[in-house]
Novice: 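Could you have a look at this structure, given as structure tokens, before my questions?
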Amino acid sequence: MVAMNLPKVYEPKEYETDIYDLWEKSGTFEPNSAHKAYTIVMPPPNANANLHIGYALTAALEDIPTRYHRMLGERTLLLPGADHAGFETQAVYEKQLAKKGKSRFDFSREELYSQLYDFVATNRHNFESQFRKLGISCDWTRFTFTLDDKIVTRAYKTFKQLWEDGLVYRGERLVNFCTFHGTAFADIEVEYKEAKTSLWYIRYPLTDGSGEVIVATTRPETMLGDTGVAVHPDDKRYTQYIGRTVRLPLTGREVPIIADAFVDTSFGTGAVKLTPAHDQNDYDAAERHSLPKISIINHEGKLTDEVPESYRGLTVVEAREAVVHDLEKGGHLEKTEDLTHNVGHCYKCGTVIEPLLREQWFVDMQPLAKPAIAALKANKITFYPAAKREQLIGYLENLRDWNISRQIAWGIPIPAFQNVDQPDDWIFDDRVDQEIIEIDGKTYHRDPDVFDTWFSSSSWPYATLGIDSPDFKHHYPLSLMETGGEILYPWVSRMIMLGLYVTGDIPFQEVYIHGYVMAADGAKMSKSIGNVVDPMPVIEQYGSDALRMGIVAGRSPAVNRGYDPRRVEEARNFCNKLWNIARYIEDRLGDSYTHAPEARPKTTAEHWILTKLQHITEVMGGHLDSYRFSEAYDTLYHFVWDDVADWYIEASKSEKGSGVLGHVLEGVLKLAHPFAPFVTETIWQTLAWTGDTILAVQSWPQPTKADAKQAQAFEEIKAIVTEVRGLVHSLELDKPTLYYTDAPFIATNSALITRLTNIARTREVSDGNGLHLTSTTYQCWLDVDAGVAVAHVERLETQKAEQQSLVAQYEKRLSNDSYVRQAPKQIVEQTRQRLAEAKTMIERLQAEQQRFTSLAE
RNA sequence: GGGUGAUUAGCUCAGUUGGCUAGAGCAUCUCGUUUACACCGAGAGGGUCGGGGGUUCGAGUCCCUCAUCACCCACCA
């Protein structure tokens with residue numbers, strides 16, 4: 001026997017790095033085919049962070065179709081990228097600054113930006129090397145960072161185009177303002193804490209003197225800026241007041257009572273005071289009802305000139321005391337209750353966040369949304385799962401204008417300048433490295449804000465390719481956008497809208513929404529709970545392929561699922577199975593084997609396995625074309641393990657080695673490659689007959705010729721073998737002999753059957769004796785002692801009962817006229833066939849039962 | 001409060017357009033060391049598909065409803 005060239009157990013870490021180097025250095029991942037393109041542009045992960053296990057899933061979901069399409073011969077591109085991750089990165093960096101006793105407010109924006117750039121550049125290497133370990137077949141020569149020039153310039157151009165089309169405007173909106181730091185924060189920067197406070201009930205007298213409405217509030221001082229009172233439209237207590245007005249105490253302003261469904265009738269009195277300039281809800285209500293917005297708190301947290309003189313310049317806290325005191329004095333305070341509720345605080349200094357009106361840049365969304373809705377309704381983009389399309393349409397139909405201004409340093413500056421003498425005079429200019437510019441003797445100040453990160457990333461599909469480059473011509477629109485459900489609205493929707501706006505075409509043809517990898521118990525993974533799984537040690541222990549398959553197995557799009565290490569172990573075993581299949585076949589074929597383009601099957605097993613290979617190739621193709629990764633993996637797994645290893649290879653042991661073994665091995669490696677790229681490529685590289693070729697660019701298995709009759713004959717052998725195994729085991733037979741009469745087929749396949757069943761031998765006799773096989777029409781018996789009679793009869797009885805219940809079911813179905821009339825013919829025919837089969841089976845079982853009973857007596 | 005998803009074997013989950021005698025991996029039980037692999041092979045047990053209604057010849061699959069769980073969004077005046 002030839003010594004095995006490969007070790008018994010596959011050790012992934014001994015090969016993975018070298019294999020990835022081989023791919024990368026040979027340019028395997030760079031698109032160069034002249035055929036149609038298949039393109040994925042990676043949603044850029046945070047360049048600053050370690051990859052969490054969710055990225056093993058993401059990488060798999062992007063890489064499996066990429067490798068599949070590459071093997072189909074398409075011009076395949078998976079373009080990698082990394083995200084500057086605006087606020088998140090800034091927050092991480094600020095923690096480091098804090099350790100040195102500094103804060104972001106100690107630096108100018110330019111200083112901070114440059115420090116952050118260096119900080120991220122250092123961390124990026126780590127992230128890139130981790131991605132390589134996942135085996136992702138992306139083209140690193142096209143790597144793009146979200147702050148690369150081409151992305152930044154694209155953002156300026158898009159902003160300019162929107163500006164020139166009149167789709168951007170300045171508008172006042174509420175922002176979360178820290179009056180200590182003098183800056184606004186994004187929503188996620190606001191830290192909500194429970195606070196004990198009071199709920200004040202204030203009387204608002206009706207202007208006509210006919211009564212009063214009592215409102216409840218936690219912020220009595222804001223009543224100085226009230227411009228309305230809201231009640232629920234269905235609230236009977238207030239129906240009569242709707243449309244009338246009240247006169248505010250202290251200011252004497254007359255404000256309307258309006259009806260709005262946002263009001264919670266069970267809270268307080270069911271009547272809400274509206275302070276549009278200092279509360280988001282009130283702001284929204286004011287927009288709906290065209291109420292004025294009066295700013296009574298300035299950026300320093302002090303009361304403005306919009307309030308009566310005695311309150312001007314007071315802090316919010318001072319104003320609250322004064323207002324409560326005055327209301328009480330005037331008899332306007334009905335009562336006070338204790339209340340605990342959430343209050344937003346600055347996450348840095350703990351100051352209570354004040355919602356304040358501030359000028360922001362807005363994009364008018366309706367002109368952008370309309371073409372997107374039309375494209376979606378025309379089914380131009382396929383969603384996985386399909387339901388996401390409707391959800392997205394619903395979102396777009398209710399889309400509000402988009403605030404693209406952000407008040408942080410780590411981002412792309414907004415290329416707009418304001419005339420210092422004429423606040424309404426804004427101009428577009430991309431000289432953002434300067435704070436002040438002079439044009440025609442006028443002085444302009446740069447907008448200190450940066451773009452919302454989603455603004456620049458909305459152009460990601462074409463900005464990465466470069467609109468004027470050959471890549472754009474080949475690869476746009478992209479084939480697939482693979483991403484998480486949480487950014488369907490903020491990102492996917494905007495890529496579609498801006499893609500249509502800028503390029504006139506949809507940005508991608510398909511969208512795959514992945515679910516999340518949760519902790520084993522289904523909880524969300526989080527650093528603070530400490531249930532985060534790091535993918536790197538998993539790769540170290542089980543291999544990259546095992547992690548990939550283990551995490552893809554049993555997952556559907558957009559469904560969250562716990563991380564199950566058992567699946568990874570299963571996949572590790574599967575890799576080892578592939579490994580050992582290869583070891584066996586290489587050994588059988590020997591060094592002299594050369595690749596033959598056409599397989600020449602001889603035995604039934606060979607015809608059978610080639611038929612299976614062809615069928616499985618088609619099934620897997622169907623699954624992969626529809627992004628059913630889990631099903632494709634399942635199909636592959638059972639083909640390799642059950643068909644190839646357990647039947648075909650076992651069968652090959654009693655037959656002479658032939659080229660079909662090599663052909664099947666190639667097929668298996670190709671089918672498995674998208675799922676297990678490392679182990680399949682490693683094996684490919686060890687094969688003597690593959691030369692210097694690389695598996696990753698081999699073509700997907702081609703149809704092979706095989707004889708259906710011969711294949712069917714092997715099915716017959718399988719049935720006989722399975723029955724014999726069952727009998728031997730359940731009756732505890734000790735290496736029986738299989739007798740047969742008048743069955744050349746059994747004679748021909750004697751060695752095969754003997755080996756697969758591990759019986760003593762087969763022998764032709766003139767007259768049968770013993771247990772008669774029921775699974776085959778051939779006349780076969782197992783020789784047994786009379787002692788097993790009872791057990792055997794019982795076994796037959798059980799089998800008969802099963803068949804009889806089937807017969808009953810089928811007969812009932814067929815006796816139903818409507819069924820026979822209305823069900824598709826093939827279904828009815830199938831039932832008839834099954835009924836006939838079951839009946840035949842019963843006859844055989846019965847005959848055997850009678851015969852054996854009499855024999856045993 | 002709004003939205004989305006889930007509920008199938010002991011555990012984790014598949015099950016594409018309704019046609020199913022409901023599957024897999026792990027776990028369990030029995031046997032086995034036949035030289036590719038014990039990260040293995042052979043055999044077996046285990047489920048009224050969350051409850052209730054409905055549509056249909058036919059429902060795990062579609063509709064309604066209830067229950068439980070999870071996530072997202074909003075809100076806490």
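Remember, it's a predicted structure, so these values are computed and weren't measured experimentally. Atom set for the values below is all heavy atoms of this structure, side chains included, hydrogens, waters and symmetry mates excluded. Lettering of chains follows the sequences in order, A, B, ..., and the numbering in each one begins at 1.
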Novice: On a whole-Å scale, what distance lies between the P atoms belonging to B:rC20 and B:rG15?
Specialist: 16 Å
Novice: B:rG5 and B:rU21: how far apart are their C1' atoms, nearest whole angstrom?
Specialist: 31 Å
Novice: By the 4.0 Å heavy-atom rule, please label A:S626 as base, sugar-phosphate, or nothing.
Specialist: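 A:S626: no heavy atom of the nucleic acid under 4.0 Å.
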Novice: Quick check: any donor-acceptor pair below 3.5 Å linking the side-chain of A:R572 to the base of B:rC39?
Specialist: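 For A:R572, whose side chain was compared with the base of B:rC39, there is a donor-acceptor pair (under 3.5 Å).
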Novice: Given B:rU34, B:rU21, B:rC57, identify the nucleotide with an atom nearest to the side chain of A:A823.
Specialist: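 Among B:rU34, B:rU21, B:rC57, the one nearest the side chain of A:A823 is B:rC57.
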Novice: Salt bridge check: are A:K293 and A:E287 linked by an N-O gap of less than 4.0 Å?
Specialist: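 Yes, charged N to carboxylate O under 4.0 Å.
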Novice: Of the nucleotides B:rC57, B:rA36, B:rC75, which one has an atom closest to the side chain of A:Q280?
Specialist: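 Ranking B:rC57, B:rA36, B:rC75 by closest atom to the A:Q280 side chain puts B:rC75 first.
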Novice: Assign A:Q391 to base, sugar-phosphate, or nothing according to its heavy-atom contacts below 4.0 angstrom with the strands shown.
Specialist: sugar-phosphate
Novice: Quick one: CG on A:N281 to CG on A:L274, what's the gap to the nearest 0.5 Å?
Specialist: 9.0 Å
Novice: Nearest 0.5 angstrom please: A:Q830 CD to A:E837 CD, how far?
Specialist: 9.5 Å
Novice: Quote, to the nearest angstrom, the C1' distance that separates B:rG46 from B:rA9.
Specialist: 6 Å
Novice: Quick one: label A:D646 by what it contacts on the DNA or RNA (base, sugar-phosphate, nothing), any heavy atom closer than 4.0 Å.
Specialist: sugar-phosphate
Novice: If you check every side-chain atom of A:R566, which of B:rG19, B:rC40, B:rG10 has the closest atom?
Specialist: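 So the side chain of A:R566 is nearest to B:rG10.
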Novice: Of all the nucleotides listed (B:rC71, B:rG19, B:rG15), which has the minimum atom distance to the side chain of A:S556?
Specialist: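 From the listed options, B:rG15 comes nearest.
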Novice: Between C1' on B:rC69 and CZ on A:R561, what's the gap in Å once rounded to a whole number?
Specialist: 14 Å
Novice: Answer with yes or no whether A:R555 presents, from its side chain, a donor or acceptor under 3.5 Å of a partner atom in the base of B:rC13.
Specialist: no
Novice: Test of understanding: with side-chain hydrogen bond (donor to acceptor under 3.5 Å, both in side chains), list the residues that count as partners of A:R237, not counting sequence neighbours.
Specialist: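 A:R237 satisfies side-chain hydrogen bond (donor to acceptor under 3.5 Å, both in side chains) with A:D235 only.
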Novice: Of the listed nucleotides (B:rU16, B:rA36, B:rG25), which one gets closest to any side-chain atom of A:R628?
Specialist: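 Selected nucleotide: B:rU16.
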Novice: A:Y810 or A:R795: which one's nearest nucleotide on RNA chain B is closer to the 5' end?
Specialist: A:Y810
Novice: Nearest to the side chain of A:V559 - B:rA14, B:rU4, B:rG41?
Specialist: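 Nearest to the side chain of A:V559 among the choices is B:rA14.
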Novice: Rounded to the nearest angstrom, tell me the gap between atom CD in A:E569 and atom C1' in B:rA38.
Specialist: 13 Å
Novice: Give A:I649 one of three labels, base, sugar-phosphate or nothing, depending on what nucleic acid heavy atoms sit under 4.0 Å from its own.
Specialist: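 Contact class for A:I649: base.
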Novice: Report the distance from atom CD of A:Q809 to atom P of B:rU21, rounded to the nearest whole Å.
Specialist: 6 Å
Novice: Counting any heavy atom closer than 4.0 Å, what does A:K8 reach on the DNA or RNA strands: base, sugar-phosphate only, or nothing?
Specialist: sugar-phosphate
Novice: Could you tell me whether A:Q822 contacts a base, only the sugar-phosphate backbone, or nothing, with contacts defined as non-hydrogen atoms closer than 4.0 Å?
Specialist: base
Novice: To the nearest Å, how far apart are A:R567 CZ and B:rA14 P?
Specialist: 9 Å
Novice: Based on Watson-Crick and G-U pairs with both distances under 3.5 Å, what dot-bracket line describes RNA chain B 5' to 3', crossing pairs as [ ] and inter-strand pairs as |?
Specialist: (((((((..((((.....[...)))).(((((.......))))).....(((((..]....))))))))))))....
Novice: A:Y384 vs A:Y627 aromatic rings, parallel, tilted or perpendicular, using cut-offs 30° and 60°?
Specialist: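 Because their plane-to-plane angle is over 60°, the rings of A:Y384 and A:Y627 count as perpendicular.
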Novice: Between B:rG60 and B:rA22, how far is it from one C1' atom to the other, in whole Å?
Specialist: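 One C1' to the other, the span is 8 Å.
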Novice: Rounded to the nearest 0.5 Å, what separation is found between the CG atom of A:L547 and the OH atom of A:Y542?
Specialist: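 It comes to 11.0 Å.
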Novice: Considering only atom P, compute the distance from B:rA27 to B:rA70 and round it to an integer number of Å.
Specialist: 29 Å
Novice: Taking atom P of B:rG23 as reference, at what distance in whole Å does atom CG of A:D634 sit?
Specialist: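 Value for this atom pair: 13 Å.
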Novice: With distance as the sole criterion, do the side chain of A:E650 and the base of B:rA42 form a donor-acceptor contact below 3.5 Å?
Specialist: no
Novice: Can you tell whether the side chains of A:E811 and A:R813 come within less than 4.0 Å, N to carboxylate O?
Specialist: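 Not counted as a salt bridge, because no side-chain N and carboxylate O are separated by less than 4.0 Å.
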Novice: Side-chain donor or acceptor of A:H729 under 3.5 Å from a matching atom on the base of B:rU30?
Specialist: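 In this structure, the two groups form a donor-acceptor pair.
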Novice: Touch check for A:N758, heavy atoms < 4.0 angstrom, all strands: base, sugar-phosphate only, or nothing?
Specialist: base
Novice: Once you round it to whole Å, what is the distance between C1' of B:rG41 and NZ of A:K718?
Specialist: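 About 16 Å, once rounded to whole Å.
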Novice: Between B:rC76, B:rG25, B:rC40, which nucleotide gets closest to the side-chain atoms of A:Y637?
Specialist: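 The answer is B:rG25.
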Novice: For RNA chain B, whose closest nucleotide is more 5', that of A:G270 or that of A:F574?
Specialist: A:F574
Novice: Just to be sure I understand the rule, does A:G562 reach a base, reach only the sugar-phosphate, or reach nothing, if contact means heavy atoms closer than 4.0 Å?
Specialist: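 Sugar-phosphate contact only.
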Novice: Which nucleotide, B:rA24, B:rC71, B:rC40, lies nearest any side-chain atom of A:N573?
Specialist: B:rC40
Novice: Counting the benzene-type ring for Trp, do A:F574 and A:Y637 have ring centres under 6.0 Å apart?
Specialist: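 Yes, ring centres under 6.0 Å apart.
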Novice: In whole Å, what separates the C1' atom of B:rA42 from that of B:rA6?
Specialist: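 So the two C1' atoms sit 37 Å from each other.
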Novice: Choose from B:rU21, B:rC71, B:rC40 the nucleotide whose nearest atom is closest to any side-chain atom of A:K577.
Specialist: B:rC40
Novice: Looking at every strand, decide which applies to A:R755 at a 4.0 Å heavy-atom threshold: base, sugar-phosphate, or nothing.
Specialist: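 A:R755: backbone/sugar contact only, no base atoms under 4.0 Å.
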Novice: Can you tell whether the side chains of A:K577 and A:E570 come within less than 4.0 Å, N to carboxylate O?
Specialist: no
Novice: Testing A:L291, A:T275, A:I294, A:V215 for side-chain contact (heavy atoms from CB on, under 4.5 Å) with A:D226, which one passes?
Specialist: A:T275
Novice: Select one nucleotide: of B:rA36, B:rU12, B:rG15, the one nearest the side-chain heavy atoms of A:E631.
Specialist: B:rG15
Novice: Just checking A:H638: base, sugar-phosphate only, or nothing, at a heavy-atom cut-off of under 4.0 Å?
Specialist: sugar-phosphate
Novice: For A:A558, report the nucleic acid contact type (base, sugar-phosphate, nothing); a contact means any heavy atom under 4.0 Å.
Specialist: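 Nothing, no heavy atom under 4.0 Å.
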Novice: How would you list, by chain and number, every residue that makes a side-chain contact (heavy atoms from CB on, under 4.5 Å) with A:Y395, sequence neighbours excluded?
Specialist: A:L392, A:L399, A:Y489, A:S493, A:R494
Novice: Think A:N576 has a side-chain N or O under 4.0 angstrom from the OP1 or OP2 of B:rA38?
Specialist: no
Novice: Which distance, rounded to the nearest 0.5 Å, do you find between the CG of A:L661 and the CD of A:E586?
Specialist: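 The CG atom of A:L661 sits 11.5 Å away from the CD atom of A:E586.
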Novice: Determine the Euclidean distance between corresponding P atoms of B:rU7 and B:rU12; express it in Å to zero decimal places.
Specialist: 12 Å
Novice: What distance, rounded to whole Å, do you find between the two P atoms, one in B:rU35 and one in B:rG19?
Specialist: 45 Å
Novice: Touch check for A:W641, heavy atoms < 4.0 angstrom, all strands: base, sugar-phosphate only, or nothing?
Specialist: sugar-phosphate
Novice: Rounded off to whole Å, could you give me the OH-to-P distance for the A:Y395 and B:rA74 pair?
Specialist: 11 Å
Novice: In this structure, how many angstroms lie between the P atom of B:rG32 and the CG atom of A:L733, rounded?
Specialist: 14 Å
